[in-house]
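Quick note on labels: first sequence line is chain A, next is B, and so on, each numbered from 1. All figures in this text were calculated on a predicted structure; none of them were measured in a lab. Any value given below was found using the heavy atoms of this structure, including those in side chains, with hydrogens, waters and symmetry copies removed.
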2 protein chains.
Amino acid sequence: MKRELRQFQAFLRSRGLKLTRTRALIFKKIFSHPSVHPNAYELRDRLRRSGHHISLATIYRTLNLLVKSGLVSSIDLGENHSHFEPGRPRTAHGHLICLACGRVLEFSHPDIQETIDAIGQKRGFRLDKFSLQVFGFCEKCR
Amino acid sequence: MKRELRQFQAFLRSRGLKLTRTRALIFKKIFSHPSVHPNAYELRDRLRRSGHHISLATIYRTLNLLVKSGLVSSIDLGENHSHFEPGRPRTAHGHLICLACGRVLEFSHPDIQETIDAIGQKRGFRLDKFSLQVFGFCEKCR
DNA sequence: TTTAATGCAAACATTTTGCACCCTG
DNA sequence: CAGGGTGCAAAATGTTTGCATTAAA
């Protein structure tokens, strides 16, 4: 996480921006709970419970920077808002989402990255990232 | 398409709802141009150009019914609104999206469905549908 | 001490909903 | 003709932005 924070700082510096205390707090909240996938509101509430009152505007602004930097990715879990997780989006993993209870499980499988790379090559696409969501019903709910 | 329209009618009937002229028009607009992936506004404009003035409210209400019926799926192309395409979401295909020009190419690959089925089995999920978006730069834009 | 960051409230974009009237079965 | 469908406008979400104030480098 120290390393990623330095990368974020480098990204900001390269654009003439600053690594503030507030930005570092948001960064750490995301990176210290990688499996949480919070949305902007949840992130604000988690920060608030830690004693940090940060406005939604700032949270959104910081999230946008983090996504642009490539250190955080935005994921669509089938709701009408975005969730966020640490990690570069190229990382070959997806999410299993339970349509009943909303539980989210991560998975990764080497074949998927391979297949996608092959498809990109065949169609002449230079790939940047991908997003794979699988919806269904988990053990408890089905 | 005739068959799917009958399926939609059956779905509506099973819920005490009606297949109206307006609903059929929306249905046909989606199914007669399967590769268009319109969003709600585009759909309204396309219908308008065909001489049919249908409100956005009705378009959204009908799209929700179509998605619930399983005959249409909602896709996230990385913008802040949904796009729609005919077809049950289980169909093993994804979208290649160019981050520069916005072009969308469909692809399908038997391995992907297979891998996903295996993952669902291992994690005890009964799978319903999946959504796979790959972002990158197309031949012309890279 | 200059320039960017923050909070607040207002603006925006997308989608949903309440209600009066219309149409389908 | 009863009950659902539609359009309109208003409301509800989620996200962005303008501006005055605060803080980082």
Side-chain angles (χ1 to χ4, degrees), chain A residues 5-6 8-30 37-48 50-69 72-84 102, chain B residues 5-6 8-30 37-45 47-48 51-69 72-84 102:
Chain A
L5 187 53
R6 259 186 275 115
F8 186 39
Q9 182 163 35
F11 167 83
L12 291 169
R13 208 144 34 195
S14 75
R15 305 187 149 214
L17 307 176
K18 295 164 186 173
L19 178 57
T20 60
R21 173 172 174 64
T22 304
R23 285 182 178 158
L25 282 167
I26 294 170
F27 178 96
K28 284 172 188 160
K29 194 52 93 183
I30 295 173
H37 312 308
N39 62 31
Y41 283 78
E42 289 162 353
L43 203 45
R44 182 194 50 183
D45 291 347
R46 287 171 160 268
L47 285 160
R48 186 163 288 176
S50 315
H52 304 293
H53 283 242
I54 299 176
S55 73
L56 270 177
T58 296
I59 287 175
Y60 276 112
R61 281 186 279 232
T62 303
L63 285 170
N64 287 339
L65 288 170
L66 284 164
V67 169
K68 279 200 192 105
S69 78
V72 161
S73 52
S74 162
I75 51 181
D76 170 23
L77 298 181
E79 306 176 41
N80 42 4
H81 52 247
S82 299
H83 291 248
F84 298 87
Chain B
L5 186 54
R6 259 186 274 115
F8 186 37
Q9 182 163 35
F11 168 83
L12 290 169
R13 208 144 34 194
S14 76
R15 304 189 150 213
L17 307 177
K18 297 166 184 171
L19 178 57
T20 59
R21 172 172 174 63
T22 304
R23 286 183 179 156
L25 281 168
I26 294 169
F27 178 95
K28 283 173 190 160
K29 194 53 92 183
I30 294 173
H37 312 309
N39 61 30
Y41 283 78
E42 289 161 355
L43 203 45
R44 185 199 42 187
D45 291 347
L47 285 159
R48 186 161 288 176
H52 304 292
H53 283 242
I54 300 176
S55 73
L56 270 176
T58 295
I59 287 175
Y60 276 112
R61 282 186 278 232
T62 303
L63 285 169
N64 287 340
L65 289 170
L66 283 165
V67 169
K68 279 201 191 105
S69 79
V72 162
S73 52
S74 160
I75 51 181
D76 170 22
L77 298 181
E79 305 177 39
N80 41 4
H81 53 247
S82 299
H83 291 248
F84 298 87

> R44(B) has an atom CZ; how far is it from atom P of dT15(C), in whole Å?
Replying inline: 12 Å
> Between H37(A) and E42(A), what is the shortest heavy-atom contact and its length?
Replying inline: O-OE1, 4.0 Å
>> Tell me the interatomic distance from E79(A), atom CD, to dT15(D), atom P, rounded to whole angstroms.
In response: 10 Å
>> Just to be sure I understand the rule, does R61(B) reach a base, reach only the sugar-phosphate, or reach nothing, if contact means heavy atoms closer than 4.0 Å?
In response: base
>> OP1 or OP2 of dT6(C) versus the side-chain N and O atoms of R23(A): is any pair under 4.0 Å?
In response: yes
>> Using whole Å, what does the distance between atom P of nucleotide dT13(D) and atom OH of Y41(A) come to?
In response: 9 Å
> Which one, dT17(C), dG3(D), dT14(C), comes nearest to the side chain of K18(B)?
Replying inline: dG3(D)
> Is the shortest side-chain N/O distance from N64(B) to OP1 or OP2 of dT15(C) below 4.0 Å?
Replying inline: no
> Between dT16(C) atom P and H81(A) atom NE2, what is the distance in whole Å?
Replying inline: 14 Å
> Is any side-chain nitrogen or oxygen of T20(A) closer than 4.0 Å to OP1 or OP2 of dT6(C)?
Replying inline: yes
>> In whole Å, I'd like the distance from the CG atom of L56(B) to the P atom of dA11(D).
In response: 18 Å
>> For a quick test of reading the model: is some side-chain N or O of N80(A) closer than 4.0 Å to OP1 or OP2 of dT13(D)?
In response: no
>> If I compare all heavy atoms of F27(A) with all of L5(A), which pair ends up nearest, and what's the gap?
In response: CZ-N, 3.4 Å
>> Please report the interatomic distance CZ(R44(B)) to NE2(H53(B)), rounded to the nearest 0.5 Å.
In response: 9.5 Å
>> I want to check one thing: is the phosphate of dT15(D), taken as OP1 and OP2, less than 4.0 Å away from some side-chain N or O of Y60(A)?
In response: yes
> Does T58(A) make a side-chain N or O approach to OP1 or OP2 of dG7(C) shorter than 4.0 Å?
Replying inline: yes
> How long is the line joining CG of L17(B) and C1' of dG5(D), in whole Å?
Replying inline: 10 Å
>> Can you measure I54(B) atom CD1 to dC23(C) atom P for me and round it to whole angstrom units?
In response: 14 Å
> Taking CZ from R15(B) and P from dG5(D), how many angstroms apart are they, rounded to a whole number?
Replying inline: 11 Å
>> Can you tell me how far apart CD1 (I59(B)) and CG (L43(B)) are? Round to the nearest 0.5 Å.
In response: 5.0 Å
> Taking for each residue the nucleotide of DNA chain C bearing the nearest heavy atom, is the 5' side occupied by N39(B) or by R21(B)?
Replying inline: N39(B)
> When the ring planes of F8(B) and F11(B) are compared, do they come out parallel, tilted or perpendicular, using 30° and 60° as the limits?
Replying inline: parallel
